[in-house]
Trainee: 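Below you will find the structure I want to go over with you.
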Amino acid sequence: MEQRPFLDFLETLGPPAWVPEWALWLTAAGLGVGLITTIISLIALFSIWLERKVSGHIQCRYGPMYAGGWHGWAQTIADGVKLMMKEDMIPTGADKPLFVIAPAIVLSSIFGAMVALPLSYGFYFAQMDLGIFMILALGSTTTIGVVMAGWASNSKWSLYGAMREAAQVVAYEIPLGLALLVPLMALGTFSLLDASHAQAGFFGMNWAIFQNPAVLPAFVIFWVAALAETKRAPFDLPEAESELVAGFLTEYSGIRWSFFFLEEYAAMFLMSVVAAVFFFGGFESPLTWAAREAFGSNTHIVVQLVCFGTIVIKGFIGVFLMMWLRWTLPRIRIDQVMTMGYKYLTPLALACVLVAAIWEAILSLF
Amino acid sequence: MDFQAIHDRLVAIDAPGLVRAELPREPNKKEKDPGRSGESYVVVDSARMVDFLLACRDDERLDMKLLVDLSAADPAVDDENFWVLIQLLSIEKKHRLSIKAFLPKDNARMPTATAVHRGAQWHERECAEMYGITFEGHPDPRNILLPDDWVGHPMRKDYEFPTEYHGISCE
Amino acid sequence: MVEAQKYKPSMQLSDESRVLPSGEREFMLDVSTADLEVNMGPQHPATHGVMRVLLRTDGELVTGAQPHLGYLHRCAEKIGENVEWLQYLPYTDRYDYLSAMNNNLGYSLAVEGLMTGLEIPRRATLIRTICAELNRVASHLIAYGTYGLDIGAFTPFFYAFREREWIQALFEKICGARLTYSYIRIGGVFNDTPPGWLQEVGHFCDVFEDKWREYYDLLVENHIFVKRTADIGVISAEMALDFGLTGPMLRGSGVDFDLRRDMPYMAYGEISDAGAFDIPLGRGEKGTLGDCWDRFYVRVAEMMESIKIVRWCLDAIEPGPVLGDVPKVIKVPAGEGYVGIENPRGELGHYVASSGGKVALRCRVRGPSFTNLAVLEDLMPGTLLADSVAIIGSTDIVVGETDR
Amino acid sequence: MDRPSQAFYGLLTLLSLTALGWGLRGGGAHGLVFGLFTVLTLGGSLVCIWERSVVRSAFSLMATFTGVAGLFLLLGADFLAMAQILIYVGGILALLLFGVMLSPPDMNERKLPRVIGALLLVGGGVGWVALRVSSTTRSWAVTEELPEPVTHAREIGLGFLHPGKYLVPFELAAFLLTVALVAAVYIARRKKEDLEPRDSLGGQS
């Protein structure tokens, strides 16, 4: 069964006959891309404001208070406008085409990964049977963009940032994937929708984290690896501002620079949602359960709204956790990052997979 | 040890290069303050400064392990000598010693103290660029505070201020 | 004394191996598997000012380091020979701008030493001590905060600044300035404390003692922080003495020496005889003796000792005059003298020579940061890039003072 | 950009547009997407051959890999496509760049005979495969329905672990990779003496 929500929507509008099929198709694709862009922008907008407030309150200050009135809600918008107005600078000696393409690659890969993100049982961009696999695959391509940015800047600090990013992401993709295997094994699917479904259970609390003893340690490993993948402190080595000035971001300014930030916040949200879906029940919560009991089906609009609210709240709890860690912990050194990834997290993740497999095998006996 | 005791000890060990001790005037009460020194100082032959520092460092009763400061002074335009001023400190024995050496302006050269106190390295570089004193055998005789292409030695009393630097007028 | 550690002499980058012919547009020609030369600075967050360290790196490994100073050289010593004695006082604020009170104090003590018959009132001495110690706390708070920044922790910086703001507000009340005070002057202090000021200082001490515990838990004992700083940049006691290091750098290497106790000036002799304060020393608790953590620990622990000194002074202070009998235009009798005082960064020495006139013959400033910085050339080779940042941070330099 | 490069990129753009238009005319939207992925695959590989800067060549491989993944997607092989991106783009290309970035650019790398040779080689290979395939198939069009792709982790996992199917090759490959990893770590391991500061800096010692 093919899912074409936008195309179906366009066809219900009844386009005139002279419009060719491919034009409709392209419009539908454009609509989808536009919607994802809007969602990412909104997430980033809110996350940046949240980061400012969270860091402010952690640091005994208020954060933005003026722009827009209530708690400086418009600060990010004002900043965005400022960034767009800024001069678009490309340093002399930079590899111009690569310098320009890099932010686009970074941003487009996170757009691609976002496609696999369901927002509720009935609302998603694409019914992806291999959703998590796609998120991991496309998420890993941001590395290329960052490496490209670092190399094209023709600055040694940027190059350091790029090298660190490449080394770090390659090291942490392994434990990230392995740790995800554990809930995948428990839930038995790659699809984010199916995974959420599999955790429905009584009171909406049949979460993967309660299904298998190896899932909790796997979550810890996943979370550490996710921090490293999203370049968040204490793993923000590619941009470590006290060591590498700003790493791969050193030479970027204006709107290109803000693309990297859009990517960072979108990736944070994405990783948090993946954690929520595969470890903490996805759309499922007591509220979802109650709504489903009351309205009978998953496709009822109220249930869908509850699902949407649940996943967004869970996602932002994860984002908040990342911010909390960032503003509390010092940064670790590159060799410690590597040691942790290869020496500790990877074997631990393998052990988790083994335990989970044994547990599943024992369960299947009964 | 107060200054007199240090001087006696220097004489007793026959410290190389020791010329004389100076107690220029009646020491006032504050001279008793152990954090202070310099009003009384020993004059040392600049050519044998390294041996003198070594003797001070290695003698167990003097024990001057720390070279606090090395600098120079240009007393007047018509004076024919620079002063090289060295402050030594003993951590264990808790006393200080001020050393002064006279260097003729037309031949301002003396051996480097870097071999005895590594800490002298940067102080000597500063002295060299500010006064034009050559420290023979210095491992890294570049300018430290001034640009590499600076002309003249600014701390000399007869230094004439430049009117421009690389085309930038500074009048 | 600890076991002497073998260390290698510093490494120079030879001139032939300089990176590029200037002006030539290059396209990463020097990026190869061979060593890479990187300029850390003059504008770099880790150099705490405008200082440049030329690094030679092999990947992340630093194989050579060469500090380049002079970007903030303001000819303080030359100015000292050209302005009147009292006019030079504001210039002392500017070399170590984080502990201007201590600089004023050092210069004032040096000049007062030459002026026979000048008596400093006791109240002035105690106010000077309070100000110098509060300033030491403020300076160490910056050291604490910025070292956290170097290691990658932001939040401690803001906590440290919260208390530092309070100290600055206190100083603002006493002299009107927040950074460059010129409050301690030749003959005493500029004016008496405003009413209620001493009580507020006492209140600050009470609050600070609570906050200090928080600082300690947040950074000093933080596991990642310890991992980043322990065993990094080890300075043995022998090496510290050879380089002429002073202050927390020396005490971090386990050498028990503090000018305030061992060569007391002003009221410090009395205070230390009363046993009011201790000298914290590096003990190699988390790693090797004399590593970055030890130096950092010494600074953090010293803040508490300063608070104790302030408390002692608050108990001892009594009403009285605050400025000795100093003429408007000071003429200093001919003579010379050197005074070293314990600045937050080490021994701040002033050598002043007078020929009896209105201006100095020589006004030498021995900045502790300048001497302390010289160890970089030896410490940095063989460490990782991130460690080199930790090492620069642990020297706690103020570039205004290295360059003067 | 030098003259030959301008000509090359101009030609490439022209060809790409032609291919896209052709795809659009032939297959509508799907044809357009197919054309896009083809252009990515072939264009990326052509740029890879053409570019003098090794790093740029490596980056252009990203386009090739992505294009191939897209073609897999069009054929309904989701798993293969994602594996292609995950392994080739996210892993191998990152490693490749890691190495290539450290090598000095050789500005004399591109020589026309070499480029022509490479093109001939690739073209010949493709032609040979095309001839072989066309000799066995009657038509290029995909006539039969594609099999339903496997989408569940359990099935994919079981496919690998099925004793009669791929268990032995799977285990062998895993073992080989482990050995290779350990060996690589052993070879690349920095010797203790390397950590000591070197004397090659030309300073006094």
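Just so it is clear: chains get the letters A, B, ... in the order the sequence lines come, proteins before strands, and each one is counted from 1. Worth knowing before you read on, the calculation uses all heavy atoms, side chains too, and leaves out hydrogens, waters and symmetry mates.
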Trainee: Between A:Tyr265 and A:Glu51, do the side chains contain an N or O donor and an N or O acceptor separated by less than 3.5 Å?
Mentor: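 A:Glu51 and A:Tyr265 do have a side-chain donor-acceptor pair below 3.5 Å.
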Trainee: Check each atom of A:Ile332 against the heavy atoms of chain C and say whether the ones under 4.5 Å are side chain, backbone, both or neither.
Mentor: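 Backbone plus side chain of A:Ile332, per the 4.5 Å heavy-atom cut-off to chain C.
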Trainee: Kindly write out the residues that satisfy side-chain contact (heavy atoms from CB on, under 4.5 Å) with C:Ser369, not counting sequence neighbours, or none if the list is empty.
Mentor: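 C:Ser369 satisfies side-chain contact (heavy atoms from CB on, under 4.5 Å) with C:Arg345, C:Ile397, C:Val398, C:Glu401, C:Thr402 once adjacent residues are dropped.
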Trainee: List in chain and number order the residues that pass side-chain contact (heavy atoms from CB on, under 4.5 Å) with C:Leu379, two or more places apart in sequence or in another chain; answer none if no residue qualifies.
Mentor: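 Testing C:Leu379 for side-chain contact (heavy atoms from CB on, under 4.5 Å), a comparison that skips the adjacent residues, returns C:Ile235, C:Met239, C:Arg295, C:Val375, C:Ile391.
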Trainee: Taking ring pair (Phe, Tyr, Trp, His ring centres under 6.0 Å) as the cut-off, I'd like each qualifying pair that reaches into residues 227-251 of chain A, sequence neighbours left out, listed once.
Mentor: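 Of all non-adjacent pairs touching residues 227-251 of chain A, those that pass ring pair (Phe, Tyr, Trp, His ring centres under 6.0 Å) are A:Tyr172-A:Phe235, A:Phe248-A:Phe260.
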Trainee: If we ignore angles and hydrogens, is there a donor and acceptor under 3.5 Å between the side chains of A:His57 and A:Gln59?
Mentor: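 The criterion, which ignores hydrogens and geometry beyond distance, is not satisfied for A:Gln59 and A:His57.
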Trainee: Can you name the residues of residues 148-167 of chain C that have some heavy atom under 4.5 Å away from a heavy atom in chain A?
Mentor: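 So far as heavy atoms go, C:Leu149, C:Asp150, C:Ile151, C:Gly152, C:Ala153, C:Phe154, C:Thr155, C:Phe158, C:Tyr159, C:Arg162 are the residues that approach chain A to under 4.5 Å.
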Trainee: Look only at the side chain of A:Trp324 and the backbone of A:Val319, and say whether a donor-acceptor pair between them is shorter than 3.5 Å.
Mentor: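 Absent.
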